[in-house]
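The structure appears right after this line, and notes come after that.
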2 protein chains.
Amino acid sequence: MDCTNNTNNTPDNETIARFAKAMGHPTRIEILRFLASLDSCYFGDIHNELPISKATVSQHLKELKDAGLIQGEIETPKVKYCINRENWEKAQSYFVQFFSLKHDKTSCCK
Amino acid sequence: MDCTNNTNNTPDNETIARFAKAMGHPTRIEILRFLASLDSCYFGDIHNELPISKATVSQHLKELKDAGLIQGEIETPKVKYCINRENWEKAQSYFVQFFSLKHDKTSCCK
DNA sequence: AATATTGTTTGTAATTTTGCGAACAACAAA
DNA sequence: TTTGTTGTTCGCAAAATTACAAACAATATT
């Protein structure tokens, strides 16, 4: 699925929720951190970093790819993964904007 | 559960994933936006904004509360909800820091 | 005491997520 | 052609998520 359906900078709830959901698992956060720290990033490199089966790694990568946060490219016989920079920066701006909603008010509860 | 277990500004994967997971549903994003825009925020006000049953609203509020993003206070016979400012700002800084991991590299994939 | 108001909790059902082993696909090398 | 390497997909099971109606709890009001 494509997460680039918002061209302005006021994403709808579904858009930001989709990014957040993809980030809602420790293993996927770990994968994103790892990819953000590397230039080379084959599937095997990612799998080596994690204590889980390759099937599960592949599944997490698929979810991150579907959410648009990463992309994959076949380099036979390997598969090279990396951050999807364009969507990464979109997600970044969406989260920044979202959290800045609460910036100069006092909490209504004690 | 308490999401304030990280006092420094380098949250572990579980901490950021827990915040992200709580934000991983459109209805919960809507609730957070609504709470961030209001001073008064009783359960009924939130329920009125949403086309879902009160049981489901209550459940989403519980998840947001467990994640630490909101807090509730009983004002008999109502319940007042609001953003948990302290954790909101923690989450904000965690996400900002996380996304800034990728800031001056080119994508490794074409 | 009976009623009404405000939300939470319980019970239930359908769907999704998570994880793994095994099978599979694509290709290179022996 | 067989073998090895790299990952994906399939099939399965367990657990978690989502949503709702109904029951419940706590407190006012009549």
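Here is the naming used below: chain letters follow the sequence lines, and residue numbers restart at 1 for every chain. Only a predicted model underlies this, so the values are computations on that prediction, with no experimental measurement involved.
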Using whole Å, report how far [atom1] of [X] lies from [atom2] of [N].
X: His25(B); N: dT15(C); atom1: NE2; atom2: P; result: 15 Å
X: Phe43(B); N: dG7(C); atom1: CZ; atom2: C1'; result: 6 Å
X: Arg18(B); N: dT17(D); atom1: CZ; atom2: C1'; result: 17 Å
X: Lys65(A); N: dT8(D); atom1: NZ; atom2: P; result: 7 Å
X: Glu63(A); N: dT16(C); atom1: CD; atom2: C1'; result: 10 Å
X: Ile74(B); N: dA28(D); atom1: CD1; atom2: C1'; result: 15 Å
X: His60(A); N: dG19(C); atom1: NE2; atom2: P; result: 4 Å
X: Ile52(B); N: dT18(D); atom1: CD1; atom2: C1'; result: 10 Å

Identify the heavy atoms of Gln71(B) and Ile83(B) that sit nearest to each other, and give their distance.
NE2-O, 3.6 Å
Looking at every non-hydrogen atom in both residues, tell me the closest pair between Ala22(B) and Leu64(B) and how far apart they are.
O-CD2, 3.8 Å
Counting side-chain heavy atoms from CB outward, which of dT18(C), dG7(D), dT18(D) is closest to Lys54(A)?
dG7(D)
Which nucleotide sits closest to the side chain of Ala55(B): dT9(C), dC20(C), dT6(C)?
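In terms of side-chain proximity for Ala55(B), the closest of dT9(C), dC20(C), dT6(C) is dT9(C).
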Please name the residue in the list Phe19(B), Phe99(B), Trp88(B) that meets the ring pair (Phe, Tyr, Trp, His ring centres under 6.0 Å) test with Phe98(A).
Trp88(B)
Counting only side-chain N and O atoms of Lys21(A), is one of them less than 4.0 Å from OP1 or OP2 of dT17(C)?
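Yes, such a contact exists.
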So, does Thr56(A) get its side chain near the phosphate of dC20(C), meaning an N or O under 4.0 Å from OP1 or OP2?
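For dC20(C), OP1 or OP2 has a side-chain N or O of Thr56(A) closer than 4.0 Å.
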Which comes earlier along DNA chain C counting from the 5' end, the contact point of Ser53(A) or that of Gln59(B), where each point is its nearest nucleotide?
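This one resolves to Gln59(B).
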For Pro51(B) and Ser58(A), find the nucleotide of DNA chain D closest to each by heavy atoms; which residue's nucleotide sits nearer the 5' end?
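This one resolves to Ser58(A).
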Any donor and acceptor pair, going by atom type alone, linking the side chain of His47(A) with main-chain N or O of Ile52(A) inside 3.5 Å?
yes
Would a 4.5 Å heavy-atom cut-off, applied to side chains only, mark Met23(A) and Leu69(A) as touching?
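A side-chain contact exists here, since the closest heavy-atom pair is under 4.5 Å.
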